[in-house]
Amino acid sequence: MIRICSTEDVPKGTVISAAVDGTQIALVHGEDGEFYAVYDECSHAAVALSEGEVDGCTLECWLHGSRFDLRTGEPTGLPATEPVPVYPVEVRDGDIYVSLTPSNGVTR
């Protein structure tokens with residue numbers, strides 16, 4: 001697990017982009033209060049998901065409106081049809097840690 005930032009750096013309902021050992025991730029503080037990490041690139045068009053909108057437990061791509069479930073990486077709206085990698089997140093002592101081994105088995 002690699003420390004990314006403090007929980008205070010990601011207010012509820014927001015997303016930040018972070019480079020972790022050469023991998024761009026979108027770190028999301030979901031509206032359910034949980035933290036999620038997904039690969040920071042839409043599987044439909046190569047644009048940053050971190051620039052999109054958080055809606056519940058989904059992240060919407062700003063370019064074409066594809067939505068991805070933050071828990072599974074699965075697209076919940078077209079035009080994307082392929083999932084994005086989801087990374088395990090752990091919160092310890094007010095800090096957010098991420099593992100780069102995808103929990104959903106999807107590789108980029």
Side-chain angles (χ1 to χ4, degrees):
M1 296 291 248
I2 300 163
R3 183 188 179 279
I4 307 300
C5 62
S6 165
T7 55
E8 294 176 4
D9 294 333
V10 192
K12 193 174 192 177
T14 67
V15 57
I16 64 168
S17 181
V20 183
D21 285 349
T23 299
Q24 282 299 128
I25 64 160
L27 182 64
V28 181
H29 191 168
E31 292 175 356
D32 61 354
E34 298 294 320
F35 290 92
Y36 301 95
V38 298
Y39 184 58
D40 193 11
E41 184 175 284
C42 180
S43 63
H44 169 255
V47 298
L49 287 175
S50 60
E51 296 176 15
E53 295 292 320
V54 177
D55 183 17
C57 287
T58 65
L59 184 56
E60 181 179 358
C61 178
W62 63 270
L63 188 58
H64 296 118
S66 293
R67 290 176 183 267
F68 296 90
D69 188 310
L70 294 166
R71 298 162 293 195
T72 65
E74 293 292 327
T76 61
L78 293 173
T81 58
E82 297 295 318
V84 293
V86 173
Y87 304 105
V89 175
E90 193 175 298
V91 176
R92 285 183 272 170
D93 299 323
D95 290 325
I96 303 168
Y97 294 81
V98 173
S99 168
L100 288 182
T101 303
S103 59
N104 63 346
V106 175
T107 56
R108 54 187 178 108

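Note that the structure is a prediction, hence the values are computed from the model and not measured.
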- Considering all heavy atoms, the nearest Val15-Ala26 contact: CG2-CB, 3.9 Å
- Task: Kindly indicate, with the supporting measurements, whether the criterion side chain to side chain contact (heavy atoms under 4.5 Å, CB included) is fulfilled by Val86 and Val106.
- Result: CA-CA 7 Å; Val86 173; Val106 175; over 6 Å; no
- Message: Return the CG to CD1 distance between Asp21 and Ile2, rounded to the nearest 0.5 Å.
- Response: 4.0 Å
- Query: Got a donor-acceptor contact below 3.5 angstrom from the Ser43 side chain to the Val84 backbone?
  - Reply: no
- Where do Ala80 and Pro75 come nearest, in terms of heavy atoms and distance? O-CB, 3.5 Å
- Query: Are Asp69 and Thr76 linked by a side-chain donor-acceptor pair shorter than 3.5 Å?
  - Reply: no
- Query: Does Ile4 belong to the same Ile/Leu/Val/Met/Phe/Trp/Tyr cluster as Phe35, with side-chain heavy atoms less than 4.5 Å apart forming each link?
  - Reply: yes
- Message: side chain to side chain contact (heavy atoms under 4.5 Å, CB included) for Leu70 and Glu34? Distances and angles first, verdict last.
- Response: CA-CA 10 Å; Leu70 294 166; Glu34 298 294 320; over 6 Å; no
- Item | Minimum heavy-atom distance between Gln24 and Tyr39, given as atom pair plus value | O-CD1, 3.2 Å
- Message: Starting from Ile16, can I reach Val98 by hopping between I/L/V/M/F/W/Y residues whose side chains sit under 4.5 Å apart?
- Response: yes
- Task: Could you tell me whether a side-chain N or O of His44 sits under 3.5 Å from a main-chain N or O of Pro79, the two making a donor and an acceptor?
- Result: no
- Query: Which distance, rounded to the nearest 0.5 Å, do you find between the OH of Tyr97 and the CZ of Arg3?
  - Reply: 6.5 Å
- Note on the structure: Rounded to the nearest 0.5 Å, the SG atom of Cys57 sits from the CZ atom of Phe68 at a distance of 15.5 Å
- Show the numbers, then the answer: is there a side chain to side chain contact (heavy atoms under 4.5 Å, CB included) between Thr72 and Asn104? CA-CA 6 Å; Thr72 65; Asn104 63 346; 5.8 Å; no
- Closest heavy-atom pair and its distance - Leu100, Tyr87: O-CE2, 3.6 Å
- Message: Can you tell me if Glu53 has over 12 outside heavy atoms packed within less than 6.0 Å of its CD?
- Response: no
- Find out if a path of hydrophobic residues (ILVMFWY) with successive side-chain heavy-atom gaps under 4.5 Å connects Val10 to Tyr36. no
- Query: Should Leu27 and Val54 be regarded as members of a common hydrophobic cluster, given that ILVMFWY residues are connected when their side-chain heavy atoms come within less than 4.5 Å of each other, either directly or indirectly?
  - Reply: no
- Query: How far does CD of Glu60 sit from SG of Cys42, to the nearest 0.5 angstrom?
  - Reply: 10.5 Å
- Message: I need the minimum non-hydrogen distance between Cys61 and Leu49, along with the two atoms involved.
- Response: CB-CD2, 3.8 Å
- When rounded to the nearest 0.5 angstrom, what is the spacing between CD in Glu90 and CG in Asp95? 11.0 Å
- Verify same cluster id: Met1, Ile96 (apolar side-chain graph, 4.5 Å): no
- Taking all non-hydrogen atoms of both residues into account, name the closest pair between Ile25 and Ala37 and its distance. CD1-CB, 4.3 Å
